[in-house]
Amino acid sequence: MIPFIDLKAQYLSIKDEIDTAVIKVLESTQFILGSEVAALEEEFAEYCSAEHGIAVNTGTSALHLALVAAGIGPGDEVITVPFTFIATVAAIVYTGAKPVFVDIDPASYTIDVTQIEAAVTERTKAILPVHLYGQAADMDPILEIAQRHNLIVIEDAAQAHRAEYKGRRVGSIGDIGCFSFYPGKNLGAYGEGGMVTTNNAEFDSTIRMLRDWGQERRYNHVLKGYNYRMDGIQGAILRIKLRYLDQWTEARRAHATQYDQLLKDSTVKTPVVMPYSHHVYHIYAVRVGDRTALQQKLSEQGIQTGIHYPIPVHLQPAYSDLGYQPGAFPYSESTAREVLSLPMYPELTPEQVDAVAQSLHSLSQGAQVS
């Protein structure tokens, strides 16, 4: 069996360090926030080339607080994409604002920057690009549009730890960056976790209060806040894992290069790396014909795969009230029908990559993609 992801293998490679860090937190009894979380905030912000980092309990909470701190609320509109994990859109809805979609670029799967300006109205307050699968969105045109229309730019970097755009780390390019530390992410906790990054001191102060019941100091609540705090054990674990992130990222990139080479003569469409991007391959998604049958055949050969994501948000029943119909965003819809995520994690061996590619190559012959 070649698993889609192997979290146990990664844990075993750093077990002694992780166990020691967890025991240290247990002995300190700093279970919520505390010194380990504070140290993680500093280290992760520096890693992202940002001035401030605010640790929270999930990536969804990071997005929610970023929007709230930016003043987004009922009656406002936020431009984003329908081809993303549901949390991107849910966080907008939590504020009472309306998500306004534009389609993705068919090569990068990130927001089509040529469509953004046409979606801007007098109610638009922010643009929320998604750095999907570990590849940065095309940020310079987004920032230019935002400047012209006085909009906030919030980066959804939940899948893009260490990704770069023209040499700049994501999470420090827009006004606010939002990361997830869900266990399967490139930098994953052993539970839930998230981080907000920003170079804006006012946003930093506001988000710190919002995550902790709106407290300026204990029992002095100046904002209507939330219980979105990170726990100390996750902070300690993530500090250990952050030290390995460069090494793990290069392993992912090496696996991607190997997949690219082995699949170059197949009918499978491999990921396109944009010239401005340093891709970190949270997901290695190929496009295939007859995905359902192919995924089943791979499973029968002991190869696990995933789909990220099979239904665009505008076609999800929960968001039918937004009023979009099938065909509204053709590239998001066709991509959702055809993407297949191959095994991708640092501990994957070259032999496993070869086995996956060879099986995919042989099984996909004759199955064309759009």
Side-chain angles (χ1 to χ4, degrees), residues 31-34 36-38 40-42 44-45 48 50 52-74 76 78 80 84-97 99 125-126 128-131 152-161 170-172 174-198 200 202-216 221-239 241-242 282 313 318-319:
F31 299 130
I32 304 297
L33 299 178
E36 290 291 336
V37 172
L40 172 68
E41 290 174 330
E42 292 184 8
F44 190 75
C48 295
H52 308 284
I54 310 100
V56 293
N57 61 338
T58 68
T60 308
S61 297
L63 288 164
H64 183 202
L65 295 189
L67 290 158
V68 173
I72 309 299
D76 296 334
V78 178
T80 192
T84 181
F85 182 60
I86 201 80
T88 308
V89 178
I92 297 170
V93 173
Y94 292 166
T95 70
K125 294 296 189 295
L128 206 170
V130 180
H131 303 312
I152 295 289
V153 176
I154 299 171
E155 301 174 67
D156 184 340
Q159 301 182 4
H161 315 73
V170 301
S172 64
D175 296 287
I176 309 175
C178 301
F179 293 84
S180 168
F181 299 132
Y182 186 77
K185 293 295 195 289
N186 292 28
L187 179 63
Y190 292 166
E192 299 275 9
M195 183 78 72
V196 182
T197 53
T198 184
N200 184 303
E202 185 176 342
F203 286 151
D204 172 60
S205 176
T206 300
I207 293 167
R208 283 186 189 282
M209 287 189 285
L210 286 171
R211 72 161 176 194
D212 190 16
W213 293 114
Q215 298 181 102
E216 187 176 48
H221 303 268
V222 299
L223 299 172
K224 292 181 174 68
Y226 307 87
N227 181 10
Y228 284 175
R229 301 167 297 198
M230 178 179 281
D231 71 66
I233 287 176
Q234 300 308 332
I237 290 167
L238 288 163
R239 288 189 69 203
K241 297 184 76 174
L242 180 59
H282 169 58
V313 180
Y319 292 95

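None of these values were measured; they are calculated from a predicted model. This chain uses plain numbering: 1 for the first residue, then up along the sequence.
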Asks: Can a side-chain donor-acceptor contact be found between Asp156 and Thr88 if the only test is distance below 3.5 angstrom?
Replies: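 Distance-only check passes for Thr88 and Asp156.
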Asks: Taking all non-hydrogen atoms of both residues, which atom of Cys178 and which atom of Ala62 are closest, and how far apart?
Replies: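 Shortest heavy-atom contact: SG-O, 3.5 Å.
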Asks: Is it true that Glu42 and Arg239 make a salt bridge, defined as a side-chain N closer than 4.0 Å to a carboxylate O?
Replies: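 So Glu42 does not pair with Arg239 through a salt bridge.
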Asks: Could you tell me whether the side chain of His52 reaches within less than 4.5 Å of the side chain of Thr197, counting heavy atoms only?
Replies: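 Not touching, per the 4.5 Å side-chain cut-off.
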Asks: Does the distance from a Lys or Arg side-chain N to an Asp or Glu carboxylate O, for Arg208 and Glu202, drop under 4.0 Å?
Replies: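 Judged by the 4.0 Å cut-off on N to carboxylate O distance, Arg208 and Glu202 do not form a salt bridge.
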Asks: For Phe85, I'd like to know if atom CZ has over 12 heavy atoms of other residues, nucleotides or ligands within 6.0 Å.
Replies: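 Counting other residues, nucleotides and ligands, CZ of Phe85 stays at 12 neighbours or fewer.
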Asks: Run the side-chain donor-acceptor check on residues 224-237: report pairs under 3.5 Å with partners two or more places apart or on a different chain.
Replies:
{"unit_1": "Asn227", "atom_1": "OD1", "unit_2": "Arg229", "atom_2": "NE", "d": "3.2"}
{"unit_1": "Asn227", "atom_1": "OD1", "unit_2": "Arg229", "atom_2": "NH2", "d": "3.3"}
{"unit_1": "Tyr228", "atom_1": "OH", "unit_2": "His64", "atom_2": "ND1", "d": "2.9"}
{"unit_1": "Arg229", "atom_1": "NH1", "unit_2": "Asp212", "atom_2": "OD1", "d": "3.1"}
{"unit_1": "Asp231", "atom_1": "OD1", "unit_2": "Ile233", "atom_2": "N", "d": "3.1"}
{"unit_1": "Asp231", "atom_1": "OD1", "unit_2": "Gln234", "atom_2": "N", "d": "2.9"}
{"unit_1": "Gln234", "atom_1": "OE1", "unit_2": "Tyr190", "atom_2": "N", "d": "2.9"}
{"unit_1": "Gln234", "atom_1": "NE2", "unit_2": "Tyr190", "atom_2": "O", "d": "3.1"}

Asks: I'd like to check the side-chain hydrogen bond (donor to acceptor under 3.5 Å, both in side chains) partners of Asp175; sequence neighbours left out, ordered by chain and number.
Replies: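 Testing Asp175 for side-chain hydrogen bond (donor to acceptor under 3.5 Å, both in side chains), a comparison that skips the adjacent residues, returns none.
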Asks: Run the ring-ring contact (aromatic ring centres under 6.0 Å, His included) test against His282 and tell me which residues pass, sequence neighbours left out.
Replies: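 His282: no ring-ring contact (aromatic ring centres under 6.0 Å, His included) contacts found.
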Asks: To the closest 0.5 Å, what do you measure between CD1 (Ile72) and CD1 (Ile154)?
Replies: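 It is 6.0 Å, given to the nearest 0.5 Å.
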Asks: Any side-chain heavy atom of Lys241 within less than 4.5 Å of one from Phe181?
Replies: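 Heavy-atom side-chain distance check fails, nothing below 4.5 Å.
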Asks: Would you kindly say whether His131 and Glu155 are connected by a side-chain donor-acceptor distance under 3.5 Å?
Replies: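 Yes - a donor-acceptor pair under 3.5 Å links their side chains.
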Asks: How long is the straight-line distance from OH of Tyr182 back to CG of Leu187, given to the nearest 0.5 Å?
Replies: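 If we round to the nearest 0.5 Å, Leu187:CG and Tyr182:OH are 15.0 Å apart.
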